[in-house]
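In listed order, ligands and their atoms are each counted from 1. This is a predicted model, so every value here is computed, not measured.
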Amino acid sequence: MLDSSFDDHDELGPEKVIQLYDPEVGLKAFVVVDNTAKGAAIGGTRMAPDVSVEECARLARAMTLKNAAAGLTHGGAKSVIAADPKMPIEEKERLMRAFAYAIKDIEDYIPGPDMGTDEVCMAWVKDSNGRAVGLPQAVGGIPLDEIGATGWGLVCALEVAQQSAGITLAGASFVVQGFGSVGQHAARFLVERGANMVAVSDSSGAIVDHSGIDVQALVEFKNQGNSVIDFAEVDRISHEDLVGIETDIWIPAARPDVINDANVDEVKCKIIAQGANIPVSTTAEAILHERGVLCLPDFIANAGGVICASVEYHGGTQTQAMEVIKDKISRNVRAVLTEVERSSCLPREAANLMAKQLVQEAMKYRKTN
Ligand code: NAD
């Protein structure tokens with residue numbers, strides 16, 4: 001039955017689900033173009049050994065909602081490449097160029113960096129097929145990972161939400177899960193506002209020090225190719241223990257579903273600022289809401305990267321990008337919190353409604369043939 005393969009489709013999309021396979025270079029990838037009513041779809045390219053088409057579709061939907069909420073003239077899409085991102089650089093270039101070649105005719109999809117890919121990867125893609133955002137400065141890009149566009153947006157969201165969560169950023173404690181691009185910059189901007197990082201993880205494990213971890217020193221240590229678990233004079237804990245650390249702010253900045261039905265009872269924070277995409281399961285968000293934990297939805301709080309990419313695509317500057325990120329994210333967080341206050345709904349419900357209406361409004365202007 002044709003219908004059964006459309007179980008995951010709804011009134012917004014996805015418009016296209018495409019499998020890419022090139023045995024010669026070992027390319028196994030998926031592209032999901034979720035919705036293009038607002039324009040060509042922007043969405044990151046994720047490289048990890050265990051990606052799936054389902055994860056790709058959920059992330060593509062998050063991009064549709066994120067781009068619409070941010071008022072961008074772009075739809076949402078995502079791509080995933082099943083491979084180890086730590087492969088030798090020559091191999092990675094070959095794979096990224098093969099990916100770029102394979103998507104060259106999917107003209108309504110503009111790829112950007114995501115977990116496992118970076119601005120160098122995007123430069124290879126742009127060079128191969130003429131379409132990518134999140135580029136290095138040398139080829140006209142605003143280096144969004146270098147300036148910390150997403151981490152900046154996350155902290156702008158926290159600035160607006162701090163009062164509703166009953167915290168003050170100056171003096172607040174925070175935990176970061178995934179000390180990569182998003183996690184490091186969010187930590188840096190929070191430290192600038194007087195907050196204190198008490199625990200952090202990467203793919204190798206986690207560390208805790210309630211007296212505070214030196215973020216700048218840890219960034220340098222990590223950039224020398226080390227894992228956070230080898231950072232001096234801190235206690236190692238498991239990935240799972242990180243979820244239960246008592247803290248004001250908890251920032252997921254790695255993989256989906258890290259807070260789920262099985263571990264949600266462990267959570268002991270006041271606010272979760274979702275740097276990663278879909279890091280908290282739907283039921284876990286509802287349970288946290290009941291317990292008074294404020295969850296800032298991913299596609300509102302982590303929109304900094306794609307807002308920056310859009311400013312880049314339309315020829316803007318780095319300074320403009322940082323201002324636009326602050327304006328758009330602050331406005332959206334205020335709108336979500338106002339609706340939560342008014343109707344006692346979940347922050348995600350308020351955000352979904354707001355973004356969905358914007359996409360559906362754009363869909364009214366589409367030709368049907
Ligand atoms: P990154 O590859 O730079 O960093 C990811 C970090 O997470 C790495 O330190 C890695 O070691 C760590 N990690 C991986 N698996 C982990 C695990 N199971 N537990 C703990 N740590 C783990 O990626 P990034 O660009 O920082 O993106 C992180 C998340 O934020 C992703 O979900 C991505 O989709 C989302 N995001 C990124 C941007 C952006 O601008 N980069 C924008 C919006 C959303």
Side-chain angles (χ1 to χ4, degrees), residues 42-51 55-56 58-60 62-63 65-67 69-70 76 78-80 84-86 111-122 133-134 141-154 157 175-188 199-207 218-219 221-223 225-231 237-243 250-260 263 273-280 296-312 321 325 329:
I42 294 185
T45 302
R46 173 166 300 190
M47 189 186 291
D50 58 346
V51 288
E55 179 178 334
C56 189
R58 288 169 73 201
L59 293 167
M63 292 310 299
L65 300 176
K66 187 187 300 195
N67 295 347
K78 198 86 183 182
S79 52
V80 293
D84 180 358
K86 291 181 187 138
D114 191 70
M115 271 180 76
T117 64
D118 58 13
E119 58 201 45
V120 176
C121 294
M122 290 308 119
V133 287
I142 304 174
L144 63 93
D145 279 339
E146 211 173 286
I147 63 175
T150 303
W152 166 245
L154 213 54
V175 168
V176 175
Q177 191 217 35
F179 204 57
S181 167
V182 174
Q184 290 181 16
H185 287 290
R188 178 168 71 83
V200 61
S201 69
D202 61 19
S203 54
S204 304
I207 55 172
L218 186 60
V219 167
F221 186 71
K222 184 84 181 137
N223 289 343
N226 302 301
S227 162
V228 300
I229 58 170
D230 295 317
F231 196 53
I237 53 171
S238 69
H239 276 134
E240 222 14 79
D241 288 343
L242 193 82
V243 174
W250 208 89
I251 300 179
R255 298 301 301 269
D257 294 326
V258 292
I259 297 176
N260 49 53
N263 65 13
Q274 301 184 1
N277 292 314
I278 45 172
V280 184
L296 293 179
D298 48 6
F299 70 84
I300 298 292
N302 74 17
V306 76
I307 295 171
C308 182
S310 170
V311 171
E312 171 191 298
I325 291 168
I329 292 187

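Proximity of L59 to ligand 1, defined as any heavy-atom pair under 4.0 Å, is not found for any part of the residue. By the criterion of a heavy-atom distance under 4.0 Å, neither the backbone nor the side chain of V306 is placed next to ligand 1. With a 4.0 Å cut-off on non-hydrogen atoms, T150 touches ligand 1 through its side chain and not its backbone.
Remark: of the listed residues L242, V176, V280, L242 is the sole one forming a side chain to side chain contact (heavy atoms under 4.5 Å, CB included) with W250. Checking each of K222, H239, Q177 against D202 for a side chain to side chain donor-acceptor pair (under 3.5 Å) leaves exactly one that passes, namely K222.
Look at K66 and you'll find a heavy atom under 4.0 Å from some atom of ligand 1.
Counting heavy atoms from C-beta outward, N67 and F299 have side chains that stay 4.5 Å or more apart. Residues I307 and I329 have side chains in contact (heavy-atom distance under 4.5 Å, counting atoms from C-beta outward). The closest side-chain heavy-atom distance from S181 to T150 is not below 4.5 Å. No side-chain heavy atom of E55 sits under 4.5 Å from any side-chain heavy atom of K78. Between L144 and M122 there is no side-chain heavy-atom pair separated by less than 4.5 Å. Looking at heavy atoms from C-beta onward, V182 lies out of side-chain contact with N302 at the 4.5 angstrom threshold.
In terms of protein heavy atoms, atom 41 (N) of ligand 1 is closest to D145 OD1, 3.4 Å. Atom 17 (C) of ligand 1 has as its closest protein heavy atom H239 NE2, 4.1 Å. Looking only at protein heavy atoms, the nearest one to atom 43 (C) of ligand 1 is N302 O, 3.4 Å. Distance from atom 21 (N) of ligand 1 to its nearest protein heavy atom, with residue and atom name: D202 C, 3.2 Å. Closest to atom 24 (P) of ligand 1 among all protein heavy atoms lies V182 CG2, 3.9 Å. Nearest protein neighbour of atom 7 (O) of ligand 1, counting heavy atoms only, is G178 CA, 3.4 Å. Remark: minimum distance from atom 28 (C) of ligand 1 to any protein heavy atom is reached at A253 O, 3.2 Å. Distance from atom 35 (C) of ligand 1 to its nearest protein heavy atom, with residue and atom name: G275 O, 3.6 Å.
Residue R46 places at least one N or O, backbone or side chain, under 3.5 Å from an N or O of ligand 1. Remark: ligand 1 and A254 share an N or O pair separated by less than 3.5 Å (distance only, no angle test). Residue N277 has at least one nitrogen or oxygen atom sitting less than 3.5 Å from a nitrogen or oxygen atom of ligand 1, judged on distance alone. The shortest N or O to N or O distance between G305 and ligand 1 is not under 3.5 Å.
Side-chain contact of D230 with S227: a donor-acceptor pair under 3.5 Å is absent, judged by distance alone.
Summarising the contacts of atom 3 (O) of ligand 1 with S181, G205, S201, the nearest heavy atom is found in S181. Heavy-atom proximity to atom 11 (O) of ligand 1, evaluated over S203, A186, G44, is greatest for S203. Scanning H185, K86, M63, R255 for the heavy atom closest to atom 15 (N) of ligand 1 points to R255. Between atom 6 (C) of ligand 1 and the options P113, G180, G148, the minimum heavy-atom separation is to G180. If you check each of M115, Q184, Q274, M47 against atom 27 (O) of ligand 1, the one with the closest non-hydrogen atom is M115.
Residues Q274 and P279 come closest through the heavy atom pair OE1-CD, 3.6 Å. Listed here is the closest heavy atom pair of I147 and R188: O-NH2, 3.5 Å.
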